[in-house]
Asks: 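The following block contains the structure, expressed as structure tokens.
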Amino acid sequence: MTFQNELINWYQINKRDLPWRHTKDAYIIWLSEIILQQTRVEQGLPYFIKFLENFPTVNDFASATEAQVLKLWQGLGYYSRGRNMHKTAQIVVNNFSGVFPNLHDELLKLTGIGEYTAAAISSFSSGEARAVVDGNVFRVLSRYFGIDTPINSPAGKKQFFTLANELLYQDDPALYNQAIMEFGAMQCKPKSPNCGICPLSQGCFALNHQQVNELPIKIRKAAQRHRYLNYFICQEGNQILVRKRKAGDIWQHLYDFPSIETVNESALNEENFISSVKESFGQNTVFTHLTSRKHILTHQIIHLRFFVLKNYIFNFNKQKELNWVSLDKLDELPQPKVIHDFILEYL
DNA sequence: AAGACGGGGGA
DNA sequence: TCCCCAGTCTT
């Protein structure tokens, strides 16, 4: 049996029953594909269901506010996906009469849709012959064909993309694309793949050369950067001061609190730290430590400290991103996971 | 070509 | 700890 037929055969026996596999509706497939970018099926599935319930059609999605979209997205990470979906939904409504495109070249123009997602939506929705190349495909091809070009190098991406399209099963691109990804996710897993019961073991280069644990090759990224965010909780009766985060940093357009970033874990009684707080919030400012958190992102390790602030002064003309909200409305705002957890525990 | 961008889970 | 996850966008 050919490589392609082995994969398809394996898939038809072992595939999971996932909701987005029962439709060719480009809108629903788009929803699932964006949610599943860099996200495990188990983590994304509840969000897919929630989004489809709240936005049954692309028109419903486009009519929402960005804050409503981000609130639904809260906790899933990579929030630009949510913001880009909102933009794309509005483009589809305004420029495509609400009919979601299902051809590769049209999809690729939309924001948030790259090569992988354009191939996925177009093949699943319209049957277009475009090979998907995601983390699963890199791994399966790298191991089976013994390719040691780093998958995150430009040369590697080109090589794997070319090979994937040569291998694409022309009779049913959608079925083959599903099959190779599912095979990578469930059988040819990153750690301890089930080579003992693998239908492709005989022709697998990595297995036959004891390189299963070495392939695929990936270039290491730079170490994480440490950041120290000091948050200030300002409460007046039922009102609390929040900040909408701006472009150019993490958690764009999500809400947290006024803060001061320091270059290191400055001691609480350090003159330097005290004076910078007073410089920002007035000489009479008093702050007391409430709690601390550590939050780990892909490129940053964030050390958070929370303080209660009293006798402060804010210049709202200069800090337009600050706003008072009542405590009972606080949970309506989209928040970073670590901030949301803090609020649940302390407010 | 390299970095930035979240959060969760497995070994 | 480290790696990976149905990647994309920006610099």
Side-chain angles (χ1 to χ4, degrees), chain A residues 11 15-16 18-21 29-48 70 73-85 87-88 107-121 123-124 130-140 150-158 160-161 164 174 177-186 188-193 213-214 216-225 227 245 247-254 293-302 334-341:
Chain A
Y11 176 70
K15 67 180 173 188
R16 291 168 288 186
L18 300 172
W20 46 85
R21 289 186 175 155
I29 294 169
W30 168 71
L31 219 47
S32 72
E33 290 300 338
I34 304 295
I35 287 172
L36 292 174
Q37 287 169 4
Q38 294 292 286
T39 304
R40 291 170 201 284
V41 167
E42 309 85 74
Q43 190 189 2
L45 183 54
Y47 284 84
F48 170 79
L70 289 175
W73 201 272
Q74 180 176 292
L76 193 55
Y78 283 157
Y79 296 93
S80 65
R81 291 183 289 171
R83 290 187 280 107
N84 287 335
M85 285 183 99
K87 280 186 213 159
T88 286
L107 289 161
L108 202 50
K109 293 179 196 162
L110 298 170
T111 172
I113 298 180
E115 277 297 342
Y116 163 77
T117 306
I121 300 175
S123 68
F124 300 155
R130 300 281 185 166
V132 293
V133 185
D134 72 336
N136 295 307
V137 175
F138 277 120
R139 186 168 54 256
V140 172
I151 60 172
N152 55 347
S153 68
K157 282 176 185 165
K158 192 176 172 188
F160 282 93
F161 182 83
N177 277 339
Q178 293 278 11
I180 190 168
M181 287 196 289
E182 187 80 334
F183 181 80
M186 300 185 64
C188 195
K189 296 178 292 184
K191 305 284 181 187
S192 52
N213 293 323
E214 280 65 54
I217 304 286
K218 199 169 183 178
I219 302 167
R220 272 186 215 293
K221 301 266 172 97
Q224 291 160 304
R225 172 168 68 107
R227 293 178 71 180
R245 296 188 64 89
D249 201 354
I250 57 173
W251 300 328
Q252 194 174 325
H253 295 189
L254 273 62
R293 290 273 193 289
K294 188 165 91 170
H295 191 66
I296 298 174
L297 307 181
T298 303
H299 296 295
Q300 303 180 14
I301 298 175
I302 308 197
Q335 301 142 5
K337 179 71 163 63
V338 65
I339 297 295
H340 187 247
D341 289 348

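Hydrogens, waters and symmetry mates are skipped; everything else that's a heavy atom, side chains included, is used. First the proteins, then the strands, lettered A, B, ... as listed; each starts at 1.
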Asks: For the C1' atoms, the ones on dC5(B) and on dC5(C), what distance do you get once it is rounded to whole angstrom?
Replies: 14 Å
Asks: For Asn177(A), answer base if it contacts any base atom (sugar-phosphate contacts may also be present), sugar-phosphate if it contacts only those atoms, and nothing otherwise; contact means non-hydrogen atoms under 4.0 Å.
Replies: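 It contacts nothing in the nucleic acid.
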Asks: For Ile35(A), answer base if it contacts any base atom (sugar-phosphate contacts may also be present), sugar-phosphate if it contacts only those atoms, and nothing otherwise; contact means non-hydrogen atoms under 4.0 Å.
Replies: nothing
Asks: From the set dA6(C), dC5(B), dA11(B), return the single nucleotide nearest to any side-chain atom of Asp249(A).
Replies: dC5(B)
Asks: Would you measure the distance from the P atom in dT11(C) across to the matching atom in dG6(B) and give it in whole Å?
Replies: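 The answer is 15 Å between these two P atoms.
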Asks: Using the P atom as the point on both nucleotides, what is the distance between dG8(B) and dC9(C), in whole Å?
Replies: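 24 Å, rounded to whole Å.
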Asks: With heavy-atom distances below 4.5 Å as the criterion, would you say the side chains of Leu110(A) and Trp30(A) are in contact?
Replies: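 No. Closest side-chain heavy atoms not under 4.5 Å.
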Asks: Looking at dG7(B), dC9(C), dA6(C), which one has an atom nearest to any side-chain atom of Arg21(A)?
Replies: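 Among dG7(B), dC9(C), dA6(C), the one nearest the side chain of Arg21(A) is dA6(C).
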Asks: Taking the side chain of Leu36(A) as its heavy atoms from C-beta onward, which of dG7(B), dA6(C), dA11(B) lies nearest to it?
Replies: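 Within the option list, the nearest is dA6(C).
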Asks: In terms of the angle between their ring planes, are Phe138(A) and Phe160(A) parallel, tilted or perpendicular, with boundaries placed at 30° and 60°?
Replies: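 Plane angle over 60°, so perpendicular.
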Asks: So which nucleotide from dG8(B), dA4(B), dC9(C) ends up closest to the side chain of His299(A)?
Replies: dA4(B)
Asks: Heavy atoms only, 4.0 Å cut-off, all strands: where does Glu115(A) land among base, sugar-phosphate and nothing?
Replies: sugar-phosphate
Asks: Using a 4.0 Å heavy-atom cut-off across all strands, classify Trp73(A) as base, sugar-phosphate, or nothing.
Replies: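 Trp73(A): no heavy atom of the nucleic acid under 4.0 Å.
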Asks: When the nearest nucleotide of DNA chain B is assigned to Pro154(A) and to Ser80(A) on a heavy-atom basis, which residue is associated with the more 5' position?
Replies: Pro154(A)
Asks: If you assign Gln43(A) and Gly114(A) each to the DNA chain C nucleotide with the nearest heavy atom, which residue ends up on the more 5' nucleotide?
Replies: Gln43(A)
Asks: Using a cut-off of less than 4.0 Å, is there contact between a side-chain N or O of Gln300(A) and OP1 or OP2 of dC5(B)?
Replies: yes
Asks: Measuring from the side chain of Gln37(A) (C-beta onward, heavy atoms only), which nucleotide among dG8(B), dC5(B), dG7(C) has the closest atom?
Replies: dG7(C)
Asks: Reckon Arg139(A) touches a base, only the sugar-phosphate, or nothing at all at heavy-atom distances under 4.0 Å?
Replies: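 Arg139(A): backbone/sugar contact only, no base atoms under 4.0 Å.
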Asks: Donor-acceptor pair under 3.5 Å: do we get one between Arg40(A)'s side chain and the base of dC4(C)?
Replies: yes
Asks: With sugar-phosphate meaning primed atoms plus P, OP1 and OP2, does Ser153(A) contact a base, only sugar-phosphate, or nothing at under 4.0 Å between heavy atoms?
Replies: nothing
Asks: Consider the side chain of Ala185(A), meaning its heavy atoms from C-beta on, and name the nucleotide among dG6(B), dA6(C), dC4(C) that approaches it most closely.
Replies: dA6(C)
Asks: Could you tell me whether the phosphate oxygens of dT8(C), OP1 or OP2, come under 4.0 Å of any side-chain nitrogen or oxygen in Thr117(A)?
Replies: yes
Asks: Between Gln300(A) and Arg227(A), is there a side-chain donor-acceptor contact under 3.5 Å, judged purely by atom types and distance?
Replies: yes
Asks: Any base atoms under 4.0 Å from Lys218(A), or only sugar-phosphate, or nothing? Heavy atoms, all strands.
Replies: sugar-phosphate
Asks: Of Gln252(A), Gln335(A), Arg83(A), which is the lone residue that meets side-chain contact (heavy atoms from CB on, under 4.5 Å) with Leu70(A)?
Replies: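 Between Leu70(A) and the candidates, side-chain contact (heavy atoms from CB on, under 4.5 Å) is satisfied uniquely by Arg83(A).
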Asks: As a test of reading the structure: which of dA6(C), dG6(B), dC4(C) is closest to the side chain of Thr39(A), going by heavy atoms?
Replies: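 Nucleotide nearest to Thr39(A)'s side chain: dG6(B).
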Asks: Could you please name the partner base of dG6(B), counting Watson-Crick and G-U wobble pairs only when both distances are under 3.5 Å?
Replies: none
Asks: At less than 4.0 Å, is any side-chain N or O atom of Tyr78(A) found next to OP1 or OP2 of dA4(B)? Yes or no.
Replies: no
Asks: dG6(B) phosphate, OP1 or OP2: any side-chain N/O from His295(A) under 4.0 angstrom?
Replies: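 Checking His295(A) against dG6(B): no side-chain N or O falls below 4.0 Å of OP1 or OP2.
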Asks: Between Tyr116(A) and Glu33(A), does any side-chain donor sit less than 3.5 Å from a side-chain acceptor?
Replies: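 Present: a donor and an acceptor within the cut-off.
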Asks: For residues Trp20(A) and Phe48(A), establish whether the separation of their ring centroids is below 6.0 Å.
Replies: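 Yes; Phe48(A) has its ring centre under 6.0 Å from that of Trp20(A).
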